[in-house]
Amino acid sequence: MIRELFKKKVIYLKASSKVFRSTTNWIKFKSLFVILCDGGGSNSSRYYIFKQDLQALVNELGIEIRIAHYPPYTSKYNPIEHRLFPHISRVCHGVIFESVQTVKDLMATATTRTGLKVFTTILDKTYQTGRKVALDFKSNMKIVFDEFLPQWNYTAQPELQVI
């Protein structure tokens with residue numbers, strides 16, 4: 001699911017540039033994305049299936065992605081809770097939801113005077129349940145856990161591919 005959201009650019013991202021040393025000189029650049037994740041659900045910091053999917057995405061895109069999970073029961077500090085949800089609640093107030101399309105259209109009308117615009121997409125793909133992590137993933141993963149709160153903060157690095 002994260003791959004579809006990433007391609008449609010609906011995940012809150014903060015991008016920065018970083019120079020890295022190649023085998024010969026300092027001329028290559030790559031991007032680093034920071035994704036803020038809630039502490040629960042399918043992207044929980046405890047689930048390795050999320051990390052496995054993240055590693056696949058990082059390998060496909062060829063960039064580092066830094067993950068910062070909110071600790072359990074602190075999602076109220078997530079900026080999206082305060083910057084987006086009040087405006088969505090305002091446009092949906094008192095409306096009977098007759099279809100998913102109605103909800104999508106209502107959410108798309110949420111705007112503010114300061115420039116907030118909501119873009120909506122319906123992901124109608126059926127996701128497989130009960131997936132298990134590959135047996136060798138934990139021993140071969142290219143995920144580097146931070147020294148400070150490693151259970152919630154880590155960086156997925158792309159695997160180098162020999163051409």
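Reckoned from all heavy atoms, side chains included, excluding hydrogens, waters and symmetry mates.
- The number of heavy atoms from other shown groups lying within 6.0 Å of NZ (Lys104) is above 12.
- The shortest distance between side-chain heavy atoms of Asp146 and Arg66 falls below 4.5 Å.
- Residues satisfying the salt bridge (Lys or Arg N to Asp or Glu O under 4.0 Å) test with Arg90, not counting sequence neighbours, are none.
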Practice task
List the steps, then state whether side-chain contact (heavy atoms from CB on, under 4.5 Å) holds for Leu116 with His87.
Solution key: CA-CA 9 Å; Leu116 173 81; His87 306 293; 3.7 Å; yes
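- Taking every heavy atom of both residues into account, Ala134 and Gln52 meet most closely at N-OE1, 2.9 Å.
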Exercise for the section: For side-chain contact (heavy atoms from CB on, under 4.5 Å), just list the numbers for Val58 and Glu159, CA-CA rounded to whole Å, side-chain angles, deciding distance to a tenth of an Å, and then say yes or no. Expected result: CA-CA 8 Å; Val58 165; Glu159 295 175 351; over 6 Å; no
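- Taking CD1 of Ile67 as the start and CZ of Phe50 as the end, the distance is 4.5 Å to the nearest 0.5 Å.
- Scanning both residues, Met107 and Thr120, for their nearest heavy atoms gives CB-CG2, 3.7 Å.
- For Gln55 (side chain) and Gln157 (main-chain N/O), a donor-acceptor pair under 3.5 Å exists by modelled atom type.
- Atom-to-atom distance recorded for Leu54:CG and Asn59:CG is 9.5 Å, nearest 0.5 angstrom.
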Do any side-chain atoms of residues 91-100 form donor-acceptor pairs under 3.5 angstrom with protein atoms, and if so which ones, sequence neighbours left out?
residue : atom : partner : partner atom : Å
Ser99   : OG   : Gln101  : N            : 3.4
Ser99   : OG   : Thr102  : N            : 3.1
Ser99   : OG   : Thr102  : OG1          : 2.9

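- Val144 and Tyr48 end up in different hydrophobic clusters when Ile, Leu, Val, Met, Phe, Trp and Tyr side chains are linked at under 4.5 Å.
- For the pair Gly62 and Pro158, the tightest heavy-atom approach, listed with the atom from each and the gap, is C-CG, 3.9 Å.
- Every pair passing ring-ring contact (aromatic ring centres under 6.0 Å, His included) that includes a residue from residues 130-153 is listed here, sequence neighbours excluded: Phe145-Tyr154.
- With hydrophobic clusters built from ILVMFWY side chains whose heavy atoms lie under 4.5 angstrom apart, Tyr47 shares a cluster with Leu57.
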